[in-house]
Amino acid sequence: MADPIRPKWALVAHGGAGAISREQLSAEQEAAYRDAMSTAAEAGAAVLRAGGSAMDAVEATIHILEDDPLFNAGRGAAFTAEGRNELDASIMDGETLRAGAVAGVTTTRHPISAARAVIDGSAHVMLGGEGADAFARSQGLEQVDPSYFFTERRWRALEKGLARLGLPIPARPVGVTDQAAGKATLVHEEGKHGTVGVVARDALGNVAAGTSTGGSSAKRWGRVGDSPIIGAGTYASNKGCAVSCTGAGEYFIRLGVAHEINALVQHKSLSLQAAADHVIQDQLTALGGDGGVICVAPDGQMAWSFNTSGMYRARIADGAPLVIGVYKDDA
Ligand code: ASP
């Protein structure tokens, strides 16, 4: 029997936090999101079960979420006010504190892999814009036409958002394939946000965290949120914990949420849940921000905390069943 306190491996995933309530989600949408979270978490669990590293599990799980048009990351990403998809991602290895991040990529199919490639393929931590895509290309990472990321639902959300702001609606990108059909019709616009993230603890006791997003809908001027910022949207240390965030990025940057939770665990010996709750329910709420976090510690503790009506989430560990949550009152 696996020790329930110290499972051999553990993984927690999120698919964004926001205005996600029973009144807003149809039964079909809810089922699609639960199913997608479950597929992704099981894929990550398979990596860990086979003895794979926390970094590999994080990347593999995020690939699935980036490819799924339901989530605001990779395909299905939110649009900028100019009608583009500019993607951000970061990943961190808790054993070595090595980290990589990209901001504003537009042609790299899996931004999380570009972030990871930054670790070994460059002397840097964070690359931005065209340079980040050029780097990803040089690393042999799959490139796509920007229209690959297009989904009708997110485009309509952009149009609505721009109308609210009194801003002009840009021309639809040329050459888009209409992905209004199939799964993409089930996209739920959870407010202006949405993001995906994964934290994992492997059989060696190492933790890792990764986050990938299209950022906030109708963002302007090259806006970058917390997701690609190490310490804000993502952090991992074997001395504390691994954290991935989702929510109003500006607030997460100002609080350094991911590092703050790690610091409370590392230096104040708070339990993972107490640290996550303190930063989200107290600090973030007091500042007026909304969103949530997922966390895992080297001893296998898992936690999530959010101050929105819902957060798509999943957790699974050696000897513990898969748990999926959508609304506040789910498990
Ligand atoms: N945190 C992301 C950002 O601000 C969006 C989100 O997680 O909802 O870009």
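What you are looking at is a predicted structure, and each value in this text was computed from that prediction instead of being measured. We count residues from 1, following the sequence as given. Ligands are counted one by one from 1 in listed order, and the atoms in each one are counted from 1 as well.
Salt-bridge annotation for Asp88 and Arg223: absent, with no side-chain N of the basic residue lying under 4.0 Å from a carboxylate O of the acidic one. Between Arg254 and Glu250, no side-chain nitrogen of the basic residue sits less than 4.0 Å from a carboxylate oxygen of the acidic one, so the salt-bridge criterion is not met. Salt-bridge annotation for Arg84 and Glu82: absent, with no side-chain N of the basic residue lying under 4.0 Å from a carboxylate O of the acidic one.
Tested against Val207, the residues Asp299, Val199, Asp202, Asn238 include a single side-chain contact (heavy atoms from CB on, under 4.5 Å) partner, Asn238.
The distance criterion of under 3.5 Å between nitrogen or oxygen atoms is met by Thr246 with respect to ligand 1. By the 3.5 Å distance cut-off applied to N or O atoms, Gly215 is not counted among the residues near ligand 1.
Checked against the 6.0 Å centroid threshold, Phe150 and Phe79 count as a close aromatic pair.
The ligand atoms of ligand 1 that sit less than 4.0 angstrom from a heavy atom of Gly249 are 4 (O). Those atoms of ligand 1 that come under 4.0 Å of a heavy atom in Ser227, given as number and element, are 1 (N), 2 (C).
Heavy atoms of Gly233 stay at 4.0 angstrom or farther from ligand 1. The closest approach between Gly247 and ligand 1 falls below 4.0 Å for a heavy atom of the residue.
Taking each of Lys219, Arg223, Met311 in turn, the one with a heavy atom nearest to atom 9 (O) of ligand 1 proves to be Arg223. When the heavy-atom distances from atom 1 (N) of ligand 1 to Asp226, Asp88, Thr195 are ranked, the shortest goes to Asp226.
Note on ring orientation: taking the six-membered ring where Trp is involved, the planes of His63 and His110 are parallel (angle under 30°, cut-offs 30° and 60°).
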